[in-house]
Each structure stands twice: as C-alpha cells, then as structure tokens.
Amino acid sequence: MKRSILLFSALTCLFTINNVTAQKIQKKEKTQTLFNQKLQTAPSPDNLIRCGSTEYEMANQARFKQRANTEGFEKWLAPKIEEIKKAKANGKSANVVLTIPVVVHILHNNEAVGTGTNLSNLRVQSQITVLNQDYRRMAGTNGYNTNAVGADVEIEFCLAQQDPDGAPSNGIDRVYTGQLESDSQVDNEIKPRTIWNPNKYLNIWVGSFGETDLLGYAYFPDTNVIPGISGLSSDPSQDGLVINCYAFGSNQIAPNSGTYYQGYNRGRTTTHEMGHFLGLRHIWGDSTSCTVNATDSNNDYCLDTPAAADANYSCTAGLDSCPNSPGLDMIENFMDYTPDACSNVFTVNQKERIRAVLANAPRRLSLTTSNACTPGQVYNLNGGIKFSTTVGYCDNTMTPKISLKNSGSTTLTAAVINYTVNGASNTYNWTGSLPTNQTVEISLPVVNLVNGNNTVNATLQTVNGAADQFSDNNTATFTYQYAGTVAQYNTTSVKLTLQRDLYPNETIWALLDGETEEIVQMGQYSAWNQNTLPPVLVINIPVSANNCYVFAILDTEGDGICCRYGAGSYRLETQEGMVIKEGAQFADYEEVAFKITTNMGTADHYLDQAIKLFPNPAENTLNVKLDLQTTITGYQINNQLGQVVKTNKSVLSNEFAIDVANLAKGVYFINFNVEGVQKTMK
C-alpha cells in the first residue's frame with residue numbers, strides 16, 4: 001500500500017473520531033461536484049444522487065492520461081460490436097450463458113450482523129437474485145419484460161465459493177471500517193486493502209458514506225493496452241462497484257432485513273451500476289441532445305433506446321423529452337434513473353455492447369473464465385504470498401517484505417521464492433515452522449531506489465520441497481514510484497499560514513513525524529456561519545534536526561479550500577521564509593515530505609562566513625562566491641511574502657552570477673543548497 005494512502009487513512013480516521021455524530025453543522029449545495037467533477041445530472045427530487053459513474057470516469061480520465069476518453073473508447077469498441085452482430089446475422093453466434101463470480105465487501109461499523117450497515121447474508125443473496133433476474137430477463141420475476149427490443153443478456157452472477165487462497169467461501173467479506181465519511185475514503189483506503197483479485201472476482205463494496213447521498217458508482221471498463229504507449233490507463237485496485245447499503249438488496253425478497261431507500265429498494269441500483277461496469281452508458285448519453293445519428297453517438301450508442309434529453313425520475317408513462325425524435329423515453333430501461341419499480345429492460349443493442357466488452361476488455365474477459373464459482377477446498381500444501389512493503393517518506397532505499405501465509409493443512413517448513421528487483425533476478429530460501437492459517441513476514445535484501453517506478457515481482461516456487469497445490473496466490477507485485485531525494489531544510493521551526501474557506505469544518509491538517517507517523521501537531525476547525533472568510537491562521541511548529549516530516553491537508557468534501565466557497569489557501573515555510581509547500585485547489589488531499597538537516601548550528605554559521613554576496617543590494621547582477629572546497633548545488637529566491645521568484649536547482653559551482661534585473665525593488669531571501677546543507681541569506 002502506498003504511504004500516501006496510509007496517511008490519507010490516518011487523517012480520515014482522525015476526522016471520524018472527532019466527528020462521532022457524523023453530522024456537519026453546515027451543508028453545501030448537493031448539486032455541485034462529485035469526485036471533484038461537475039455533477040452531470042441534478043439529484044432526484046428527494047435529493048439522492050442516483051449514480052456517480054460518469055463523474056467517476058471523468059475523474060479517472062483526468063488521473064490517467066493514457067485512459068481512453070468517450071470517443072476513444074467507442075472507436076475501440078465499435079468494430080468489436082460489429083463482429084458480434086455479423087456473427088449473429090450469419091447464424092454463428094452461440095447462445096452461451098456467462099457466469100461472473102462476485103465478492104461483496106460489507107463495510108460496517110461493528111454492528112451485529114443483520115443490523116445497521118452490517119447487512120445480513122439474506123440481503124446480500126437477494127441482490128444476487130435480482131441481478132440474475134434482470135440480466136436473464138427471467139420470466140415470472142420483476143426482471144421480465146415483453147418489450148420488442150428487450151433482451152436476455154445471458155449473464156448470471158454467483159457469490160464466489162472460494163476465497164483468493166482457494167479456501168471455501170460464501171462470497172461475503174465483512175470489513176470493519178468504523179464510520180465512513182466519504183466515497184473518497186473507500187477509494188483511497190478501503191479498496192486497495194480489501195480487493196480480491198479483480199481478474200478473478202467482481203468486487204462490490206457496500207456501505208454508508210456519511211452525508212454523501214450517492215446511491216452508487218462503478219469503474220468503467222478499460223480498453224486493451226496500446227503497444228508503445230507508456231503510462232497507466234487504469235488502477236486495478238479500484239475496479240468494481242460501490243453501492244450505498246440502503247439501496248442494496250431487495251425488500252421484496254429480503255423483507256424485514258434493515259433499512260432501504262424509498263423507491264430504490266428492489267436492487268436496481270446494483271443492476272444499473274453493473275451496466276456501467278460492463279460498458280453501458282446512460283440512455284440520454286449524459287447530454288441534452290435529441291439527435292439520433294447512425295451510431296447514436298450523441299446518446300448511449302444504442303439505436304434501440306429512443307433519444308432522451310435528460311434522466312427521468314418518474315414511472316409516469318408517456319414521458320417524451322425529445323418529441324421530434326422517434327419513440328418515447330424508455331423509462332423502463334435499467335440505465336435510466338427511474339425508480340426500481342418500473343425498471344425492467346436491457347435492449348438488444350445494450351446486450352451487444354456488454355458481450356463485446358466481456359469478450360475484449362481487461363479484467364472483464366478474465367471474469368468469464370474464472371473458477372471462483374467452483375467450491376473451494378483445503379489443500380495439503382498451499383502457501384500464498386503478498387507484499388507488505390512500506391517505504392519511509394524520506395527513504396532512498398527500501399526493504400521488500402513478503403507475507404507468506406499457510407492456507408494448507410500441512411505445516412510449512414521450507415519455501416523457495418524467486419523474485420526480481422527492477423528486472424534483476426534473485427532467489428530467497430525460507431525455512432522455519434509455519435502452522436495452518438498462520439503468516440510469517442520475510443524481509444528481502446535492501447534495495448537502492450531508482451528514480452521512477454521501482455518494481456519487485458515475486459513467485460512462490462515450491463513449498464516443503466514440492467509444487468504448491470494451489471497456484472493462484474503464488475505471485476505478487478510491489479511497485480513504488482520514487483521521485484528522488486526529498487527537499488532538505490536548515491531551520492528550527494516551520495510556519496503554516498492557513499486561510500480557511502467558508503467551510504473550515506471540512507478541513508483537517510497534520511504535521512507528522514515521517515519515521516514514526518506520530519502526529520507532531522494537527523488542526524481541525526468548527527463551522528463558520530458567516531459570509532466572510534474566517535481569519536487567517538499562522539501556526540509555528542518547532543522541528544528537530546536530522547528528522548523527516550510529512551505535512552498533509554485533507555478536505556472531507558473533496559473540493560480543497562479554493563475557490564468555489566471562498567479563496568482559501570495554505571503555505572508551509574521555514575522560519576526563514578523558504579516555501580516547503582503551498583496550495584489551495586487540491587481536491588481531497590495533498591501532502592509533502594521534507595527533511596530537516598541541521599538547526600542553524602555550526603555548519604550554518606560556517607556557511608554564513610563562507611558565502612559572499614556582492615553587490616548587496618544589487619540592481620542587475622548578484623555575484624555569489626563560496627570560499628569552500630565544495631559547490632553550491634542550487635538556490636531559490638523568495639520575496640517577503642514567501643513567493644518563489646527565481647530558482648535554479650542545478651548550479652554545481654562555487655562562483656557564479658544571478659540576473660536580478662527583472663525583480664522589483666524590495667527585500668528578498670535567497671536559500672542556497674550546499675551539497676545538502678541549507679543556508680538562507682538576505
């Protein structure tokens with residue numbers, strides 16, 4: 001797990017602990033943003049946000065520059081759909097029912113099973129039943145329809161019968177999370193540590209997310225990796241569905257099994273989000289266009305769903321938002337926003353899209369061949385490995401750590417692990433005594449980090465001198481992106497200047513010890529019931545020499561502290577005015593690691609005598625000379641407000657000139673980096 005995720009989790013937990021009522025004094029308008037994206041469709045009349053998949057996909061496209069946009073995805077998918085249509089026209093398309101294994105992660109707050117957010121097994125099973133009724137157009141159920149273009153999608157879902165270690169499972173994973181505050185907490189913290197292999201399991205996370213009245217969202221499928229193009233296009237640890245627990249399951253199949261949202265109580269939220277997971281778009285295409293062209297590209301790319309100009313929230317028959325285009329709004333389509341009671345149709349064209357995605361998209365095709373619906377068993381020899389590596393915020397080395405678990409019935413006494421570090425192959429031989437269901441942590445040799453991605457791949461080759469009887473859990477990968485040595489500063493304290501926005505109760509910040517993760521100092525604030533910004537806060541925090549620190553700031557609403565609700569901002573700097581980090585528009589979370597080298601001690605005074613600035617003051621050129629047998633490796637000039645006005649990080653000289661002719665008259669501070677030691681001069 002990335003250190004930034006751990007720190008985000010720590011701040012979120014702190015926020016939860018200090019807000020046990022889960023009620024904010026002030027609430028923003030609910031129609032503004034979601035996942036830091038403009039909300040594409042207004043909430044329902046009862047202020048529920050029906051679906052966040054479109055905004056979630058927009059956020060992922062912004063996060064992953066190589067991820068296909070709508071045009072790119074449809075260009076990739078269109079010929080694959082045509083292949084399916086052609087095969088069907090030629091009578092070569094076999095009616096094959098595909099089965100997809102599901103694991104449901106119940107995110108609960110330690111309630112008894114069957115109460116609150118800790119939904120009962122029956123309620124989970126009711127949701128799987130609804131999915132099968134809807135995707136099979138099952139006669140005699142709410143999923144059946146007589147629509148001329150209605151289709152049996154020929155997909156069935158099963159709760160996984162084996163866990164990632166091959167042991168028997170009921171497909172329900174109960175995860176104690178405490179009180180969740182936001183969907184962002186699920187994405188940043190919960191998903192990475194709870195996800196089951198997304199190539200083998202369809203993961204569904206179910207919980208209640210504070211005051212976010214969002215019913216659900218899904219990870220839209222990715223395209224195939226394009227050869228020759230670098231960069232990630234998706235994050236496998238995020239893949240799956242997230243469903244509000246009050247919209248999960250059916251009160252018809254599982255009555256008296258907890259609270260449901262009125263109108264969304266028959267399991268159709270999950271049916272809808274599953275459609276997005278399988279490549280379907282909203283029937284109005286998240287646009288107001290009523291134009292239907294040859295591919296219906298202004299809407300949902302399905303010609304058999306009539307054009308619609310917006311979402312519908314009513315079961316009223318005869319609705320027509322595009323009166324000049326053929327057909328009424330298909331309010332009965334699962335990909336509209338109508339209540340569960342009137343949703344019962346997937347069309348032929350929608351089925352073709354889904355089948356094309358399942359036949360081609362990464363982590364969709366592999367689900368159809370997964371063996372996770374086969375009952376698990378306990379093997380004699382079954383070892384499994386996972387990485388438990390963490391990297392210090394200021395570290396330039398890492399110690400890869402592997403957790404070896406014995407899921408078999410025989411005590412493990414030996415294991416051979418083959419591993420590669422950035423391509424270099426190695427072997428580790430473990431010996432010991434590891435009983436059934438126990439885990440041991442193995443530390444591999446120290447690795448020097450290189451700039452960019454550092455990747456360690458490991459394979460469990462043998463256990464007890466023989467082949468492992470269950471191989472699915474025998475490989476693991478750890479990747480850490482190293483950006484180089486963190487900035488170093490020579491100071492005795494740091495100063496935080498914080499201009500909060502109109503909702504300061506959403507902001508929490510902390511300065512942590514980068515080695516121990518203990519909090520040095522933190523801030524969290526009450527609501528501000530005024531139309532003017534709260535006062536600027538200035539906080540001075542002492543720091544120690546030869547120590548690593550991490551500053552982090554979190555906005556629980558995911559919109560930073562600027563600018564929709566007031567021009568808030570923050571700046572962290574040394575007491576001498578060197579800016580360490582500043583910002584405002586950071587969505588959920590922002591952090592910076594830095595190191596304190598010395599506290600203005602002997603080395604600082606020595607540099608004070610060794611560095612010569614002339615002329616000082618200067619009008620056009622400032623000459624710098626270092627009277628030492630070493631070099632200045634970089635400098636940064638700040639004005640009196642702490643703003644950076646000039647910088648050069650690659651000087652590598654002990655005598656040079658700086659052009660200052662374009663600087664306005666005033667007082668400036670210049671910080672020199674002398675091979676890792678910082679010196680600030682006026």
Side-chain angles (χ1 to χ4, degrees), residues 4 7-8 11-12 14-15 18 24-29 32-33 35-38 59 62-63 182 184 188 486-487 489 491 493-512 519-541 543 549-594 636-647 663-664 666-669 671 680:
S4 58
L7 187 51
F8 180 94
L11 287 186
T12 305
L14 284 171
F15 181 84
N18 289 291
K24 295 182 181 178
I25 298 174
Q26 286 183 308
K27 291 176 68 174
K28 296 182 182 179
E29 298 173 310
Q32 301 302 320
T33 61
F35 304 110
N36 208 34
Q37 305 292 320
K38 181 181 178 181
R63 178 184 175 195
S182 67
S184 299
N188 288 284
V486 300
Y489 300 92
T491 190
S493 67
V494 294
K495 180 175 71 174
L496 174 65
T497 304
L498 177 63
Q499 172 62 74
R500 298 161 293 167
D501 66 7
L502 293 173
Y503 294 86
N505 52 308
E506 298 171 358
T507 300
I508 179 172
W509 63 265
L511 183 72
L512 288 84
I519 295 174
V520 178
Q521 193 161 324
M522 66 173 288
Q524 187 177 355
Y525 307 102
S526 301
W528 181 257
N529 298 306
Q530 299 186 36
N531 294 323
T532 57
L533 289 175
V536 175
L537 299 177
V538 178
I539 304 103
N540 290 289
I541 309 170
V543 290
Y549 293 92
V550 182
F551 172 80
I553 186 167
L554 168 74
D555 183 87
T556 59
E557 285 293 315
D559 55 13
I561 54 177
C562 176
C563 299
R564 193 174 190 89
Y565 302 101
S569 64
Y570 75 90
R571 183 172 72 250
L572 183 72
E573 59 190 326
T574 68
Q575 68 171 4
E576 295 75 32
M578 289 297 300
V579 176
I580 300 172
K581 184 74 172 178
E582 59 186 349
Q585 296 175 283
F586 54 82
D588 298 292
Y589 170 80
E590 200 161 67
E591 70 173 43
V592 61
F594 59 96
Q636 176 178 302
I637 300 178
N638 295 71
N639 60 22
Q640 288 180 292
L641 297 177
Q643 298 167 321
V644 178
V645 297
K646 201 175 189 68
T647 185
L663 299 183
V667 176
Y668 295 85
F669 298 91
N671 177 271
T680 300

For Tyr570, all residues meeting ring pair (Phe, Tyr, Trp, His ring centres under 6.0 Å), sequence neighbours excluded =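 Checked Tyr570 against ring pair (Phe, Tyr, Trp, His ring centres under 6.0 Å); matches are Phe551.
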To the nearest 0.5 Å, tell me how far [X] [atom1] sits from [Y] [atom2].
{"X": "Asn529", "Y": "Tyr503", "atom1": "CG", "atom2": "OH", "result": "9.5 Å"}
{"X": "Glu582", "Y": "Leu572", "atom1": "CD", "atom2": "CG", "result": "10.0 Å"}
{"X": "Arg571", "Y": "Ile580", "atom1": "CZ", "atom2": "CD1", "result": "11.5 Å"}
{"X": "Trp528", "Y": "Leu502", "atom1": "CH2", "atom2": "CG", "result": "9.5 Å"}
{"X": "Thr680", "Y": "Asn638", "atom1": "OG1", "atom2": "CG", "result": "8.0 Å"}
{"X": "Ile637", "Y": "Met578", "atom1": "CD1", "atom2": "CE", "result": "10.0 Å"}

Could you pull out the closest heavy-atom pair between [X] and [Y], with the gap in Å?
{"X": "Ser526", "Y": "Pro504", "result": "O-CG, 3.3 Å"}
{"X": "Gln37", "Y": "Ala59", "result": "NE2-CA, 3.7 Å"}
{"X": "Ala567", "Y": "Gln499", "result": "O-CG, 3.7 Å"}
{"X": "Lys581", "Y": "Glu591", "result": "CE-O, 4.0 Å"}
{"X": "Cys562", "Y": "Ala584", "result": "CB-CB, 3.4 Å"}

With side-chain contact (heavy atoms from CB on, under 4.5 Å) as the test, would you mind laying out the steps for Val486 and Phe594 before giving the verdict?
-> CA-CA 5 Å; Val486 300; Phe594 59 96; 5.5 Å; no
Do the side chains of [Y] and [X] get nearer than 4.5 Å, heavy atoms only?
{"X": "Gln521", "Y": "Ile539", "answer": "yes"}
{"X": "Leu498", "Y": "Tyr525", "answer": "yes"}
{"X": "Glu576", "Y": "Asn671", "answer": "no"}

Mind checking side-chain contact (heavy atoms from CB on, under 4.5 Å) for Leu663 and listing every partner two or more places apart, or none if nothing turns up?
->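 Checked Leu663 against side-chain contact (heavy atoms from CB on, under 4.5 Å); matches are Val645, Val660, Tyr668.
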Partner residues of Lys495 under the salt bridge (Lys or Arg N to Asp or Glu O under 4.0 Å) criterion, sequence neighbours left out =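 With neighbours one apart ignored, the set is Glu573.
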Report the C-alpha separation of Asn188 and Tyr589 in whole Å, then their side-chain angles, then the decisive distance to 0.1 Å, and conclude whether the side-chain contact (heavy atoms from CB on, under 4.5 Å) test is met.
-> CA-CA 10 Å; Asn188 288 284; Tyr589 170 80; over 6 Å; no
Might you work through the side-chain contact (heavy atoms from CB on, under 4.5 Å) test for Cys563 and Gln585, ending with a clear yes or no?
-> CA-CA 7 Å; Cys563 299; Gln585 296 175 283; 4.1 Å; yes
The single option from Ile561, Leu537, Leu533 passing side chain to side chain contact (heavy atoms under 4.5 Å, CB included) against Arg500 |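 Among the candidates, only Leu537 passes.
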